[in-house]
Amino acid sequence: MTDVLKRRGLTPVINASGTMTSIGASRVLSDVMAEMSAISRHFVRIDDLQALASRTIAETCGAEAGFVTSSSAAALSLCVAAALTGDDLARIEALPALPGGERRVGLQMGHTVNYGAPVPQAIALAGAEVVPLGTAALCETYHLRAALEEGLAAVVHVVSHHTVREGELPLDLVVELCSAHDTPVIVDMASEYDLRGPVAAGADAAIYSGHKFLSGPTSGIVAGKAGFIRNVALQTRGIGRITKIGKEGILGAIAALEAWQRRDHAAIRAEEDRIVAMWMAELDDIEGLALSRHADWTGNPITRVEMRVDPGAAGLCAWELAERLMARNPAIAVRDDLAEHQVLYLDPCNLTYDEACVVAQAVGETIDAARASGDGCRLSWNGVKRRRGGGA
Ligand SMILES: *Cc1c(COP(=O)(O)O)cnc(C)c1O
């Protein structure tokens, strides 16, 4: 498995961080890879392939239709574009400039997040103007109603651990209020397991990444209402051209959805729980680490290990631990979104039991080395922020 990396002089990464696209998202299933490889040598009408994808997505997500694009970020722009243009080919070719018509798109302030790039940018790329709804931790019905009364081409609703869930408007209520104005609702579910919920709640489009928990190739899967999906597909004659996906990617996404239906969810969950139990046991006696089991933020069926670092006792800060693990060879990626609170997470989704043992050992070694050498607690959080900001 690491042969290709060695031959190319690339550092292997053990992934204890979940489905992070910056390190390759997930392990592509071998059945999926085999289909992609097989179709790569043939010609096929892409429309036929997208029609097949539409049927597979419809069945898997309980939707009327579906479409495959190059990523969820692309899908977000194309869904917004569909809301702005309908099936008007002149408007489709005119984007991102729009000759008249409604171009305002509502987004709850608490959903104005960054998944590696900002959500509002993906919306604006289609030529839309983002209308923030409410404030960071409070969006009420009157915020949405006022924007709808002024005019909205669509509302984008984000489901993610990144969003502020305190005070948010729930999806079904958003759908109810929007449907009174015939305003489409687009749901970004890129990294969520619930393939049927948003469509069942009446969303016009729900977006999933093929390369995250689905373990497919890099792709964006859109499920939704037939008329809306048709207008998304028409964007390939406009801005969708820059987010083209090839025959391999479309078939790979189809195969990944089929594999998801056959997937032995209970057995995979049991293996993940075995890894978590091993981590809880192996890391238990490390001084300066407090461990607990942490249920997923948005209710996905994943339990992670939360490691709370006491810098005084461990001899280094959480962000230093994450950085030193990533500097090893093989590198080790842990989940560090909350590192500034001295918390890191280990995710059991994307690694083997043996790799998980390497992670446990590396965490212990890194802390022992920091405590012995006294070279930790040097990099402040402000220092991390300054470095990331590119400033002095
Ligand atoms: C990962 C993610 C994206 C981007 O997905 P890509 O398919 O990698 O473009 C968008 N939104 C959310 C909420 C995500 O988690």
Side-chain angles (χ1 to χ4, degrees), residues 15 17-28 32 53 57 61 66-81 105 107-126 128 130 154-165 168 171 174 185-195 197-198 203 205-224 232 235 239-240 242-246 248-250 252-254 256-257 260 296-302 304 333 335-338 345 347 349-350:
N15 183 7
S17 71
T19 50
M20 294 298 169
T21 60
S22 58
I23 53 167
S26 63
R27 279 206 165 102
V28 180
V32 170
I57 294 167
C61 303
F67 185 73
V68 182
T69 181
S70 59
S71 66
S72 285
L76 192 47
S77 293
L78 298 194
C79 284
V80 170
V105 170
L107 178 68
Q108 295 188 46
M109 197 70 135
H111 293 188
T112 309
V113 296
N114 186 310
Y115 50 75
V119 166
Q121 183 182 43
I123 297 172
L125 270 170
V130 177
V155 167
V156 170
H157 188 95
V158 182
V159 181
S160 161
H161 69 278
H162 290 300
T163 64
V164 181
R165 279 177 303 286
E168 81 177 330
L171 175 61
V174 170
V185 177
I186 299 157
V187 188
D188 178 359
M189 293 283 286
S191 114
E192 303 303 303
Y193 280 52
D194 179 9
L195 289 171
I207 296 166
Y208 300 90
S209 293
H211 45 284
K212 292 185 178 169
F213 62 92
L214 287 167
S215 302
T218 298
S219 52
I221 292 163
V222 191
V232 174
Q235 304 303 321
I239 62 167
I242 61 169
T243 62
K244 180 202 286 278
I245 183 165
E248 311 81 8
I250 302 170
I254 292 169
L257 286 167
W260 185 254
D296 183 69
W297 295 271
T298 57
N300 290 310
I302 309 168
R304 301 181 178 87
R335 213 176 171 100
D336 65 352
D337 319 90
L338 295 175
Y345 296 89
D347 191 310
C349 284
N350 256 309

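All ligand and atom numbering here is 1-based and tracks the order in the structure. Only heavy atoms go into these numbers, but all of them, side chains included; no hydrogens, no water, no symmetry mates.
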Donor + acceptor pair across side chains of Glu192, Thr298 (<3.5 Å)
yes
Is it true that the side chains of Ser26 and Thr19 contain a donor and an acceptor less than 3.5 Å apart?
no
Partner set under side-chain contact (heavy atoms from CB on, under 4.5 Å) for Ala122, not counting sequence neighbours:
Leu76, Ser77, Tyr115
Restricting to side-chain hydrogen bond (donor to acceptor under 3.5 Å, both in side chains), what partner residues turn up for Asn350, sequence neighbours left out?
none
Compile the protein residues with any heavy atom at a distance under 4.0 Å from an atom of ligand 1; present them by chain, then by number.
Thr21, Ser71, Ser72, Ala73, Tyr115, Ser160, Asp188, Ala190, Ser191, Ser209, His211, Lys212
Where Thr218 and His211 come nearest, the two heavy atoms and their spacing
CA-ND1, 3.3 Å
Residue set satisfying ring pair (Phe, Tyr, Trp, His ring centres under 6.0 Å) with His111, at least two apart, ordered chain then number -> His157
